[in-house]
Amino acid sequence: MNRRERIKVTKSGVFLVKGKDRERIADPISFHAIGERPDGSKIVEIRFVDCDGKRASEHFGMAAIYFRNLSTIADALGDKGYLWPADRVTAVDILKVVVAKVPSRRFSLVSAPGWHGTAMVTPLRRYGGSKRIVIDPESGAHLVSYTKGPGSLKKWRQTVGALAKKSTGLRLSIAAALAAPLLRPLSIDSFALNLFGPTSTGKSSLLCAAASVPGLNDDANGLPRWSESETAIEQLAIGHRDGLFPLDESGDQGGKVEAHEKAKKLAFLVSRNRARTLDKNYQKKINLTVRDFRVIVVSTSEAALKAIAEAAGQARIGGEEVRFIDVPVVKPGRVGVFDGVKVPSGRDPGDFGRALADKLRRDAVTNQGFAMDAFLEKFMHDPEGALIATKKHMRDFTKKLSLTLGSGPDHRISRNFSLIYAAAALGIEYGILPWKKEATRAVIEQCMASALATIQSPPSPVDGTVADSNIQAASRRLTEVLQRLTLVSVRKGHSCSPIEAAVRQQADGFRVANKTLVKPQVWKPSNADKALLIEHHILQTQRDDVATLDRKIIGITGKRRYYVIDEEALAAVVAASDED
C-alpha cells in the first residue's frame with residue numbers, strides 16, 4: 001500500500017481507497033463491542049463474515065488490540081475462515097483501522113446459561129435485563145446447544161402438546177421442563193424425577209418431548225446419558241443451568257459404577273445446587289467460573305431406583321428418595337406411556353405404541369425450542385406478577401390435594417409437584433400448552449401419589465422368590481387390610497351430629513351401602529394389586545387410569561378422594577379362593 005492509498009472499513013466490506021477510486025479487498029469486519037468477564041477483566045468482540053458468507057464473532061483479551069498483538073487476532077480469524085488480502089495490504093494494516101475507533105457497546109461474558117441478575121440467558125437469546133450478555137463458548141462447563149427446529153409453536157401445540165393430553169408421563173415431563181427456570185427465583189432446590197417402566201414402552205420419547213420445550217434434542221449426539229462420568233454430569237448440570245437436564249437410561253452404566261450408587265451421588269449433587277469444590281488452579285485452567293446451578297433432572301430407567309438399590313442389597317436413604325423421585329409412567333394394560341389412547345381395531349398394541357413414540361420423537365425435533373422461548377418471553381413481560389401467579393397456583397395445588405401428607409419428606413415432594421403444576425398452569429394461561437388446568441392438576445397429583453406409593457411400598461424380594469400377585473392373593477391382602485381399619489357406616493342422605501362428624505374425620509374409611517370407601521393415606525396397594533383389583537371390578541373407577549374417586553361424605557369438608565371397594569365382589573373372590 002503506497003502513501004496515497006488508505007483503508008476504509010464499512011458495513012459492506014474493507015476497501016482500498018485512492019482518490020475517487022476504491023477497491024473492495026476483504027469481507028466485512030468490525031470492532032463490535034467491549035465486554036467484561038466475571039473476574040472483571042476486559043475483552044473485545046470482533047465480528048466478521050467468513051469464507052462461506054456466514055456472520056461470526058470472536059472474543060479476545062483487550063490486550064490483543066495493541067499494535068504489537070494484532071497479529072494474534074489476524075491468525076485466529078484466519079483459522080476461523082476470514083479471508084485476508086493476498087497482497088498489497090497486510091492483515092495488521094486492516095486491523096489497525098478496525099480497532100482505531102472504540103465502540104460504545106458493552107456486554108457481559110458469562111460461562112453458563114441461566115439467570116444473571118434480572119436476565120435469563122440461553123444460547124438462543126436473552127430474556128429481560130437491559131445489558132447484553134454472551135455465554136462464553138470456551139467455558140469449562142458442558143454447554144448445551146439450544147436449537148429451534150424448522151417447525152413452529154403452533155405445530156408443537158398440535159403435535160407434542162396435543163398428544164400429551166393422552167399421556168400422564170408426557171404432561172409431567174413437559175410441565176417439568178417449563179418449571180425448571182422458576183426454581184431460582186422461587187428459591188427452590190434442584191430435584192430429579194426418574195420415570196420408570198418396562199423396556200420398549202416409549203419412555204425415551206418422554207425425554208424427547210420434554211427436551212423439545214427448550215430445544216435440547218441433538219440428532220448428532222443424542223441426550224446426556226447415565227454412562228457419563230460423575231465429573232461430566234456435574235459439568236453438564238452447569239451447562240443446563242436453570243433449565244431442564246434430561247438424562248437417559250439409568251441402566252446404561254458401562255459397568256463402572258453400580259446404578260444405585262450413581263443415583264445416590266446424583267441425588268445429592270442435584271440437591272446441593274453446585275458442583276464439587278475443585279482445585280482452584282484446575283478450575284482456572286478449564287475456565288469454569290460458574291459452579292452453581294438449579295436444574296430439574298428428568299431421567300428414565302426400566303426399574304425404580306428403589307428396586308435397583310434393593311436388588312443390590314441396599315436401601316435408598318430418606319434424603320435420596322425426596323431428591324431423586326421415582327415415578328412409574330407405564331400402567332398395566334395400556335399402550336406403553338400413552339395411557340389415554342385406544343388401539344385401533346386390528347392394530348397390535350405394541351406396534352401402535354411404537355408408531356406413536358416414533359412420530360412423537362419426529363414432531364419433537366421438528367418443533368423444538370418454540371415452547372420455552374414463548375414461555376420466557378411472556379414471563380418477562382411482568383416477572384413479578386408471574387411469580388405471584390406461580391405461588392398462587394402452587395397453593396391451589398396443595399389446597400386441593402385429595403392425598404393426606406404425612407412426614408416432612410412428603411411435603412418436600414409435594415412442593416416439587418406443586419411447582420410442576422404451577423408451571424403448567426402458567427403455560428396454559430400463556431396459550432402455550434393446549435391443556436385444561438383441572439385435568440392437568442389431577443394428572444400431576446396422580447403422578448405424585450404414584451411416587452409416594454413407590455417410596456412407601458414394601459421392599460421387593462431379593463432372595464429369588466416371586467411375590468404372589470394373582471387376584472386371589474391380592475384379595476386376601478385387601479381383606480386383611482380392611483379388618484385392621486376403622487370403618488364407619490354411613491347412610492346416604494342422613495345428617496350427622498357434631499360428635500359423629502368428629503368420628504368420621506378420624507375414621508380410616510366408610511361403609512356406604514355395599515361399597516367401602518378407604519382414605520388413600522391408610523392403604524397403599526402395590527401397582528400390581530391395584531391393576532388386578534380394578535380388572536376384577538373390586539376396585540371401582542370411572543376411568544381405568546385413576547384408582548380413586550371423588551365422594552361427598554356428610555361431616556367431611558368438601559369432596560375427598562377415596563378408594564371405592566365393592567365388598568360383594570371382594571367376598572366372592574375370597575370365597576372362591578377358599579373353596580380351591
Side-chain angles (χ1 to χ4, degrees), residues 113-115 120-128 146-186 205-217 240 242-244 246 296 298 340 360-394 396-397 417-444 447:
W115 288 98
M120 176 72 182
V121 184
T122 75
L124 287 177
R125 57 179 289 198
R126 184 197 81 227
Y127 304 86
Y146 283 52
T147 303
K148 271 193 173 182
S152 65
L153 176 60
K154 181 179 179 180
K155 288 292 185 183
W156 184 88
R157 282 170 45 84
Q158 293 172 342
T159 55
V160 179
L163 183 58
K165 291 190 285 187
K166 299 186 180 298
S167 169
T168 302
L170 267 177
R171 281 211 220 210
L172 178 67
S173 54
I174 288 171
L178 288 177
L182 306 181
L183 290 171
R184 189 179 298 273
L186 292 170
S205 66
L206 300 182
L207 282 194
C208 192
S212 76
V213 174
L216 302 178
N217 289 302
H240 290 77
D242 295 334
L244 172 74
I296 294 179
V298 178
L360 174 61
R361 282 190 284 268
R362 291 193 298 270
D363 289 333
V365 171
T366 299
N367 300 294
Q368 68 175 327
F370 296 97
M372 183 63 80
D373 185 49
F375 182 84
L376 290 175
E377 187 173 10
K378 288 182 179 291
F379 183 93
M380 285 302 186
H381 285 169
D382 181 12
E384 186 175 345
L387 288 176
I388 290 172
T390 301
K391 292 174 184 177
K392 180 181 182 301
H393 290 314
M394 292 176 71
D396 288 346
F397 178 86
F417 279 93
S418 71
L419 172 64
I420 292 172
Y421 165 71
L426 277 186
I428 293 167
E429 291 170 357
Y430 291 163
I432 296 165
L433 299 178
W435 311 341
K436 299 294 184 183
K437 288 182 189 174
E438 194 57 34
T440 301
R441 190 200 65 75
V443 164
I444 301 300
C447 292

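For reference, positions follow the sequence shown, starting with 1. Computation of the quantities below employed the complete heavy-atom set of this structure, encompassing side-chain atoms and omitting hydrogens, waters and symmetry-equivalent molecules.
Test Val213, Leu206, Leu244 against Ser173 for side-chain contact (heavy atoms from CB on, under 4.5 Å) and you get one pass: Leu206.
Nearest heavy-atom pair, Ala175 versus Ala423, reported as atom, atom and distance to 0.1 Å: O-CB, 3.9 Å. Ala371 approaches Leu153 most closely through the heavy-atom pair CA-CD1, 3.9 Å. Across all non-hydrogen atoms, the minimal contact from Ala210 to Ala177 is O-CB, 3.6 Å. The nearest pair of heavy atoms linking Pro185 to Trp115 is CD-NE1, 3.6 Å. Listed here is the closest heavy atom pair of Thr440 and Ala424: CG2-CB, 3.8 Å. The shortest non-hydrogen separation linking Ile420 to Ala176 is CG2-N, 3.9 Å.
More than 12 heavy atoms of other residues, nucleotides or ligands shown are found within 6.0 angstrom of NZ on Lys148.
Using modelled atom types, no side-chain atom of Arg362 and backbone atom of Ala364 make a donor-acceptor pair closer than 3.5 Å.
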Can you give each donor-acceptor pair under 3.5 Å made by side-chain atoms of residues 426-434, sequence neighbours left out, with the distance rounded to 0.1 Å?
| unit_1 | atom_1 | unit_2 | atom_2 | d |
| --- | --- | --- | --- | --- |
| Glu429 | OE2 | His393 | NE2 | 2.9 |
| Glu429 | OE2 | Lys437 | NZ | 2.6 |

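Applying the side-chain hydrogen bond (donor to acceptor under 3.5 Å, both in side chains) test to every pair with at least one member in residues 380-392, sequence neighbours left out, gives these pairs: Lys392-Asp396. Each side-chain hydrogen bond (donor to acceptor under 3.5 Å, both in side chains) pair with one or both residues in residues 153-164, not counting sequence neighbours, appears once here: Trp156-Ser212. Listed by first and then second residue, the side-chain hydrogen bond (donor to acceptor under 3.5 Å, both in side chains) pairs that reach into residues 175-185 are Arg184-Asp242, Arg184-Asp292, sequence neighbours excluded.
Partners of Arg125 according to the salt bridge (Lys or Arg N to Asp or Glu O under 4.0 Å) rule, which considers only residues two or more places apart in sequence or in another chain, are Asp373, Glu377. Residues forming a side chain to side chain contact (heavy atoms under 4.5 Å, CB included) with Ala211 (at least two apart in sequence, or on another chain): Leu216, Asn217, Leu223.
Here Leu182 contributes atom CG and Leu419 contributes atom CG; the two are 6.0 Å apart, rounded to the nearest 0.5 Å. Here the straight-line distance linking atom CE of Met372 with atom CZ of Phe375 works out to 6.5 Å at 0.5 Å rounding. Note that OH of Tyr421 is 12.0 Å distant from CE of Met394, once rounded to the nearest 0.5 Å.
Between Leu172 and Val443 the shortest side-chain heavy-atom distance does not fall below 4.5 Å. Inter-residue side-chain proximity for Asp363 and Leu163 is flagged as unmet; no heavy-atom pair is nearer than 4.5 Å.
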_Residue pair Thr168, Cys447: steps toward the side chain to side chain contact (heavy atoms under 4.5 Å, CB included) verdict_ = CA-CA 8 Å; Thr168 302; Cys447 292; 3.2 Å; yes
